Amino acid sequence: MSIRVRRVYDPPEDGDGVRVLVDRLWPRGLRKEDAAIDEWPKALTPSTELRRWYHGPHAAHEEFVRRYEAELAAPEAAREADRLRALARSRRLTLLTAVKDPEHSHAAVLAERLT
């Protein structure tokens, strides 16, 4: 199983495989035709409420991970995760996010849950 996390603003690479945007909002300043996005499963993205909480003054990463994992356990998100997990067994999967540090973001949490 091959899953990696990259910034959506980085140019696409030949080895990206299926490029999956895992942000709820479309990245600022990025034209859709330049993004080379294959999928955008919004059920796997953090909810607007969780995103707003996480960027607030009292957020902690550990609590964010706990809350995000609870959202990923919801039926629609679980179905999408199962589908991507199955896809990753046969092809490389690249999870894309606009955050500045993708290795310490929801995308990294999702990648870990998909493996």
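Please read these numbers as outputs of a predicted model, since none were measured by experiment.
D82 has a carboxylate O that lies under 4.0 Å from a charged side-chain N of R85, or vice versa, which qualifies the two as a salt bridge. A salt bridge does not link R92 with D16: none of the charged nitrogens is closer than 4.0 Å to a carboxylate oxygen.
Shown here for P12 and A36, the closest heavy-atom pair between the two residues is CG-CB, 3.7 Å. Closest non-hydrogen pair, E80 versus P41, comes out as OE1-CB, 3.4 Å. In plain terms, the two heavy atoms of A98 and P27 that are nearest each other are CB-CB, 4.1 Å. Across L110 and Y68, no two heavy atoms sit closer than the pair CB-OH, 3.8 Å.
Other cluster members for I37: V8, Y9, L21, W26, L30, W40, L96, joined by side-chain heavy-atom distances under 4.5 Å among Ile, Leu, Val, Met, Phe, Trp and Tyr.
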Does the pair T97 and D23 meet the rule for a side-chain hydrogen bond (donor to acceptor under 3.5 Å, both in side chains), with working shown? CA-CA 6 Å; T97 181; D23 290 345; 2.7 Å; yes

Test side-chain hydrogen bond (donor to acceptor under 3.5 Å, both in side chains) applied to Y54 and H61, step by step: CA-CA 8 Å; Y54 189 49; H61 185 71; 3.0 Å; yes

Kindly determine whether I3 and L84 satisfy side-chain contact (heavy atoms from CB on, under 4.5 Å), including the steps that lead there. CA-CA 10 Å; I3 300 173; L84 288 183; over 6 Å; no

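From S2, atom OG reaches atom CZ of R91 across 11.5 Å, with rounding to the nearest 0.5 Å. Atom CZ of residue R7 and atom OG of residue S105 lie 10.5 Å apart, to the nearest 0.5 angstrom. Once rounded to the nearest 0.5 Å, the distance linking CZ of R89 with CG of L114 reads 10.0 Å. Once rounded to the nearest 0.5 Å, the distance linking CD of E103 with CZ of R4 reads 10.5 Å.
Checking side-chain atoms of R19 against main-chain N and O of T94 turns up no donor-acceptor pair under 3.5 Å. A distance-only check finds a donor-acceptor pair linking the side chain of R24 to the backbone of P46 [under 3.5 Å].
Considering only residues two or more places apart in sequence or on other chains, R66 meets the side chain to side chain donor-acceptor pair (under 3.5 Å) condition with E63.
Annotation: side chain of T48 is not in contact with side chain of L25 (no heavy-atom distance under 4.5 Å). Side-chain contact between R51 and H55 is present, with at least one heavy-atom pair separated by less than 4.5 Å. Between E62 and V65 the shortest side-chain heavy-atom distance does not fall below 4.5 Å. Side-chain contact between E39 and R83: present, with at least one pair of heavy atoms (C-beta onward) separated by less than 4.5 Å. Looking only at side-chain heavy atoms (C-beta outward), V22 and H106 come within less than 4.5 Å of each other.
Cluster membership for L93 and V99, using ILVMFWY side-chain heavy atoms within less than 4.5 angstrom, is not shared.
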